[in-house]
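Everything on this sheet refers to the single structure shown next.
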There are 2 protein chains.
Amino acid sequence: MGGTGGRRERLRAETTAEIRQVALKLMASGGPDAITLRAIAREMGMTANAIYGYFATRDDLVTTLINEVYAALADAVDAAWADAPATDPASRIQTWARAFRGWALANPEGFRLIYGDPVPGYQAPEGGAAPNAAYRVCTGIAGLAAAAWPYAEQFYADSDFQWSDFDGGLLGKVRPAYPDLPPAGVALALRIWGHLHGLVSLEIYGHLRTQTISPDKLFREELAHLVRSLGIDSEGYRPEPPR
Amino acid sequence: MGGTGGRRERLRAETTAEIRQVALKLMASGGPDAITLRAIAREMGMTANAIYGYFATRDDLVTTLINEVYAALADAVDAAWADAPATDPASRIQTWARAFRGWALANPEGFRLIYGDPVPGYQAPEGGAAPNAAYRVCTGIAGLAAAAWPYAEQFYADSDFQWSDFDGGLLGKVRPAYPDLPPAGVALALRIWGHLHGLVSLEIYGHLRTQTISPDKLFREELAHLVRSLGIDSEGYRPEPPR
DNA sequence: TGCAAAAACTTCACGCCGTATAGTTTCCTC
DNA sequence: GAGGAAACTATACGGCGTGAAGTTTTTGCA
């Protein structure tokens with residue numbers, strides 16, 4: 001058998017990449033349920049069954065796509081976080097949240113693919129479709145919570161969360177990254193995730209547009225109150241952390 | 001043609017009702033994408049095409065189902081709100097939110113049907129699938145905001161929302177019901193909706209279970225901080241509204 | 001260089017789906 | 001009891017995922 005540089009393996013990798021790429025193109029233009037083996041094959045000048053040489057089932061392909069798209073979301077929010085100055089936690093947190101919504105609005109079909117059920121009979125594998133990317137995003141939000149924690153801690157004195165309340169895989173990333181964040185801070189992170197996910201999700205699925213003219217304004221309001229609820233003021237000024 | 005009591009019309013209404021009921025049963029057991037005309041017909045001992053005599057397309061049927069299920073959700077949360085004593089706004093608000101999550105957990109497929117994309121090629125009609133039920137739920141949340149407003153108003157002094165930021169249909173229900181609620185209060189209601197929707201949605205779609213062992217505990221935390229963020233304490237005691 | 005094995009790919013088939021068209025049966029009304 | 005409307009069936013088309021079997025292309029080795 002050829003080594004890792006063999007011509008056959010290179011072609012195989014290229015075809016695999018093309019399948020993924022064509023599938024994403026179909027999704028972008030026709031929504032996630034335009035991802036069909038037959039459509040991909042048609043686009044590539046092949047037969048649908050040829051794809052079975054690269055992915056065992058359609059669900060395997062979809063799982064791969066979810067991982068790819070979810071990783072792109074994680075990249076986007078991580079990059080926004082890294083670019084924002086650590087010296088201003090309020091606007092850094094808001095930047096992260098804006099990047100999250102911005103990515104979703106720019107990739108609505110991707111958002112649906114990750115968080116919804118858009119592909120007809122798709123069944124995610126045990127443990128979720130994209131656990132690593134999910135951990136990455138959650139760890140990112142834990143970063144927001146950690147940045148806010150010196151200010152926010154005072155509001156969580158009576159919180160009774162333990163490490164055992166959370167998934168080990170998540171903690172394996174969060175605790176090393178933010179050693180000062182206690183369990184209550186992780187709970188805060190998950191709640192913030194829920195808040196932002198909900199607003200963005202209502203917007204992407206068209207439920208907000210029926211109620212408000214400007215989801216954008218609503219989200220700006222959310223950002224202002226988010227940092228305020230964390231004990232940080234939003235406009236550059238921020239109080240000293242208590243104690 | 002027979003009047004409204006004609007035998008023919010009665011049979012027609014019964015068959016229509018049976019179609020809806022069988023569709024909901026299929027959804028409950030096999031998820032929303034088990035709703036197919038052929039499966040319904042099979043269950044009823046008919047041909048799929050016979051259903052076209054009752055619903056013009058499958059999407060029309062799905063729209064009807066969404067309306068029905070969304071109305072059931074609205075009934076559930078309205079009932080919880082009505083049952084909770086108006087004298088204790090904090091626990092009343094928490095009761096509403098618990099009813100919302102409780103309904104979703106009891107009817108996960110219904111939640112997906114209302115808020116997700118579960119039926120393969122479904123296209124909602126112009127103006128949304130179930131605008132009235134959506135208004136009902138939003139108006140319900142506006143009720144939470146209105147109950148909290150005497151306490152929460154102080155946090156929204158710098159809010160610059162106008163009536164024109166919101167949909168007229170929504171305001172047509174909200175303003176008569178809660179004449180003292182200003183535009184900023186409606187924005188607050190939509191944000192609360194987003195927060196709760198997000199947490200419940202992550203849970204229903206299995207994204208939370210990968211991160212935390214007990215979504216229930218997280219939601220309890222959310223409830224506590226929700227009323228606190230509105231300026232009301234959660235444990236029976238509440239401060240006088242300011243001013 | 002020739003040849004067998006393996007990999008890549010096609011063809012055909014099955015059972016699902018929504019839905020259009022045309023034909024049949026059932027029922028109500030006059 | 002006959003005409004007509006309403007309810008329903010039969011057949012068909014193109015779409016889907018996927019399994020089985022067959023064909024072509026490429027590879028590695030004698």
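Here is how names work: the chains are called A, B, and so on, in the same order as the sequence lines, proteins then strands, and each is numbered from 1. These values consider heavy atoms only, across backbone and side chains, with no hydrogens, waters or symmetry-generated copies.
Between Trp103(A) and Ile114(A), the shortest heavy-atom distance links the atoms CH2-CD1, 4.0 Å. For the residue pair Leu199(A) and Leu208(A), the shortest heavy atom distance occurs at O-CD1, 4.0 Å. Smallest separation of non-hydrogen atoms from Pro108(B) and Ala106(B): CD-C, 3.4 Å. When every heavy atom of Leu190(B) is checked against every heavy atom of Cys138(B), the shortest pair comes out as CD2-SG, 4.2 Å.
Computed from coordinates, the Met46(A) CE to dA8(C) P distance equals 10 Å when rounded to whole Å. We find that CG of Asp60(A) is positioned 9 Å from P of dT18(D), with the value rounded to whole Å. One can place CG of Leu61(A) at 14 Å from P of dC16(D), the figure rounded to the nearest angstrom. Following rounding to the nearest Å, Ile40(A) (CD1) and dG17(D) (C1') show an atom-to-atom distance of 12 Å. Rounded to whole Å, the distance from CG on Leu11(A) to C1' on dA7(C) is 12 Å. Between Arg42(B) atom CZ and dG18(C) atom P there is a gap of 9 Å when expressed in whole angstrom units. Taking atom CD1 of Ile51(B) as the reference point, atom C1' of dT9(D) lies 13 Å away to the nearest angstrom.
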Identify each donor-acceptor pair in which a side-chain atom of residues 22-29 of chain A lies under 3.5 Å from a protein atom, sequence neighbours left out, and give them as a table.
from: Lys25(A); atom 1: NZ; to: Glu43(A); atom 2: OE2; distance (Å): 2.7
from: Ser29(A); atom 1: OG; to: Lys25(A); atom 2: O; distance (Å): 3.3
from: Ser29(A); atom 1: OG; to: Leu26(A); atom 2: O; distance (Å): 3.3

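For dA7(C), neither phosphate oxygen OP1 nor OP2 lies less than 4.0 angstrom from any side-chain nitrogen or oxygen of Arg12(A).
At a non-hydrogen distance threshold of 4.0 Å, Arg38(A) from residues 27-39 of chain A come into contact with DNA chain C. Contacts with DNA chain D (heavy atom under 4.0 Å) in residues 109-130 of chain A: none are found. Within residues 52-59 of chain B, the residues approaching DNA chain C are Tyr52(B), Thr57(B), Arg58(B), by heavy-atom distance under 4.0 Å.
No close placement of the Tyr205(B) and His197(A) rings is indicated, their centers lying 6.0 Å or farther apart. Two rings, from Tyr70(B) and Tyr115(B), have their centers less than 6.0 Å apart.
With sequence neighbours left out, the salt bridge (Lys or Arg N to Asp or Glu O under 4.0 Å) criterion links Asp33(B) to no other residue.
Ion pairing of Asp75(B) with Arg136(B) is present here, as a side-chain N (NZ or NE/NH1/NH2) and a carboxylate O approach within less than 4.0 Å. Salt bridge Arg209(B)/Glu203(B): absent, no basic N to carboxylate O contact under 4.0 Å.
Residues Tyr178(A) and Thr139(A) bring no donor and acceptor atom of their side chains to less than 3.5 Å of each other.
By the 30° and 60° cut-offs, the orientation of the rings of Phe100(B) relative to Phe111(B) is perpendicular.
The closest side-chain heavy-atom distance from Gln211(A) to Leu202(A) is not below 4.5 Å.
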Pick out the pairs of N or O atoms, protein on one side and nucleotides 20-23 of chain D on the other, that lie under 3.5 Å.
from: dA20(D); atom 1: N6; to: Asn49(A); atom 2: ND2; distance (Å): 3.2

